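Nothing here was measured: the structure is a model prediction, and the numbers come from that model.
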Amino acid sequence: MEKVKKGVRLENISKIYQDPKTGKDFYAVHDVSLDIAPGSFVTLLGPSGCGKTTTLRMIAGFESPDAGEIYLGGEPINELTPNKRDTAMVFQSYALLPHYNVFDNVAYGLKLRHLPKEEIREKVMRILDLVELTGMEGRMTNQLSGGQQQRVALARALVVEPGVLLFDEPLSNLDAKLRVSMRAEIRRIQQEVGITAIYVTHDQSEAMALSDQIIIMNKGVVAQIGTPQEIYFHPVSEFVADFIGEANFLRGKVLALEGNTATLAIEGETAHVEATRPVSIGEEVTVVLRPESATLTEDRGLPCKVEVSCFMGSYQNYHVRVGETLVKLTEYNPKNKRIFAQGENCFVHFDANATHIL
């Protein structure tokens, strides 16, 4: 697959639909601009109705933007039909041909291109080897497991050697354990082939495990773009912080500043946090505290009362009340740690650099 890697660029893309109930127009996607680097794995992530699937379908050519331009490898593609674009889609439903065996399903796109039989066979067998289905080429698709069917769908998309591979929630029909192993396979294959991949999901753990970059969407617009680490540790809004992982939001007022450390008044107590953005004394701020970034102690931190204490095997799950605020904590490897019971009074302790000021 010695092809030139292609990037994807969206310039001010918008898509308008009509609400069937009210008859009013609304933006499914509004003024979205993206620049996806060649060979990267990018995930569009967000809740239902955020515009991620519409964006993917516009790149594929199944929907046309009402405004803006889409470029693939520097070439404008708005006017091109899906079959004329250098893309291939892996669907949620697999969309396999039930009356064809595995070989013929994978070979289908090549036959449409009228390639010689020997070349088709060589390409199909090489791709089946890549997705670890060698020896199954004669099987009918209804004789395969869900994971195997997904591999066939992936092989069929890859065999035509597209510049960009598109995924529309491809793992949502699989059980949880198989989803985890299949996402590792998808990432392995994408890196081995070096293809540009754009992946749509509402599953945050899937996005974190697969992506070079995550694009979080909300109500038709881009909420944040960044690496999984940037999105998780430095969210730009409460929506992003809450959507990626669990998050506690502490409201505080800046009392003092010393270097990169801000002293805040939180629920009548003082706490030190890292100033991850410029703040001023007297400013009201919201602090993001991840459940795994804090711990319960007997003598230091913010005073709290335990409302839930639940053993979960690898961690102890706590809900504690800090003043009027509910704070969730995850205490990993609890075996040799002091376990606080429901109703106990204790303290929430966290390091200054374990927080993020929005």
Side-chain angles (χ1 to χ4, degrees), residues 47 204-205 208 216 218 223-224 226 228-358:
Q204 48 165 325
S205 57
M208 301 277 267
I216 295 191
N218 184 29
Q224 188 171 353
Q229 292 89 341
E230 287 167 349
I231 297 276
Y232 190 79
F233 292 119
H234 301 287
V236 297
S237 66
E238 283 194 33
F239 169 80
V240 173
D242 205 30
F243 196 80
I244 286 279
E246 275 205 273
N248 300 298
F249 299 106
L250 302 172
R251 317 295 174 183
K253 187 174 185 178
V254 181
L255 297 178
L257 290 168
E258 188 175 334
N260 280 342
T261 303
T263 302
L264 303 186
I266 298 174
E267 297 290 352
E269 303 289 331
T270 57
H272 301 293
V273 305
E274 187 178 10
T276 47
R277 65 168 177 82
V279 294
S280 53
I281 292 173
E283 185 180 344
E284 305 273 352
V285 297
T286 297
V287 176
V288 180
L289 179 67
R290 297 291 185 183
E292 72 278 8
S293 298
T295 188
L296 291 185
T297 70
E298 294 179 321
D299 54 6
R300 60 193 178 123
L302 299 173
C304 67
K305 185 169 185 176
V306 178
E307 293 189 356
V308 172
S309 178
C310 185
F311 176 67
M312 301 296 290
S314 61
Y315 65 94
Q316 189 78 14
N317 187 33
Y318 290 111
H319 291 188
V320 302
R321 185 70 61 176
V322 178
E324 298 297 313
T325 306
L326 183 69
V327 175
K328 297 175 182 178
L329 280 81
T330 304
E331 190 87 70
Y332 283 102
N333 195 20
K335 186 176 181 182
N336 298 317
K337 293 179 181 172
R338 156 86 153 94
I339 301 301
F340 292 87
Q342 183 179 345
E344 275 196 80
N345 291 307
C346 52
F347 296 83
V348 176
H349 172 72
F350 51 85
D351 292 330
N353 62 4
T355 59
H356 173 69
I357 295 179
L358 290 177

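A side-chain hydrogen bond (donor to acceptor under 3.5 Å, both in side chains) check over residues 255-265, counting only residues at least two apart or in different chains, returns the pairs Thr263-His272.
Environment of NZ in Lys305: sparse, with no more than 12 heavy atoms of neighbouring residues, nucleotides or ligands closer than 6.0 Å.
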Show me the donor-acceptor pairs, under 3.5 Å and distance only, between side chains in residues 350-358 and residues at least two apart or in other chains.
residue: Thr355; atom: OG1; partner: Ala352; partner atom: O; Å: 3.0
residue: His356; atom: ND1; partner: Thr276; partner atom: OG1; Å: 3.2
residue: His356; atom: NE2; partner: Pro235; partner atom: O; Å: 2.8

Can you give the donor-acceptor pairs under 3.5 Å from side chains of residues 243-257 to other protein atoms, not counting sequence neighbours?
residue: Glu246; atom: OE2; partner: Lys328; partner atom: NZ; Å: 3.3
residue: Asn248; atom: OD1; partner: Lys328; partner atom: N; Å: 2.8
residue: Asn248; atom: ND2; partner: Leu289; partner atom: O; Å: 3.1
residue: Asn248; atom: ND2; partner: Lys328; partner atom: O; Å: 2.8
residue: Arg251; atom: NH1; partner: Glu238; partner atom: OE2; Å: 2.5
residue: Arg251; atom: NH1; partner: Thr286; partner atom: OG1; Å: 2.8
residue: Arg251; atom: NH2; partner: Glu238; partner atom: OE2; Å: 3.3

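In this structure, the side-chain contact (heavy atoms from CB on, under 4.5 Å) partners of Thr297, at least two apart in sequence or on a different chain, are Thr295, Asp299, Arg300, Phe347, His349. Taking the side-chain hydrogen bond (donor to acceptor under 3.5 Å, both in side chains) definition, one finds that Gln316 meets it with Ser309, sequence neighbours left out. By the side-chain contact (heavy atoms from CB on, under 4.5 Å) test, Glu307 pairs with Arg321, Leu326, sequence neighbours left out.
The minimum heavy-atom distance between Ala271 and Leu302, with the atom names listed, is CB-CD2, 4.2 Å. Between Pro278 and Glu283, the closest heavy-atom pair is O-OE1, 4.4 Å. In this structure, Val306 and Val308 approach most closely via the heavy-atom pair CG1-O, 3.6 Å. For the residue pair Ala223 and Val236, the shortest heavy atom distance occurs at O-CG2, 3.4 Å.
The CZ atom of Phe311 sits 12.0 Å away from the CG atom of Asn317 when rounded to the nearest 0.5 Å. Separating the CG atom in Leu296 from the CD1 atom in Ile339 is a distance of 9.0 Å, to the nearest 0.5 Å. Atom CD of residue Glu331 and atom CZ of residue Phe340 lie 8.5 Å apart, to the nearest 0.5 angstrom. Of the inter-residue distances, the one linking Cys304 atom SG with His319 atom NE2 reads 12.5 Å to the nearest 0.5 angstrom.
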For Phe239 and Gln224: C-alpha separation, side-chain torsions, deciding distance, then whether side chain to side chain contact (heavy atoms under 4.5 Å, CB included) applies.
CA-CA 10 Å; Phe239 169 80; Gln224 188 171 353; over 6 Å; no

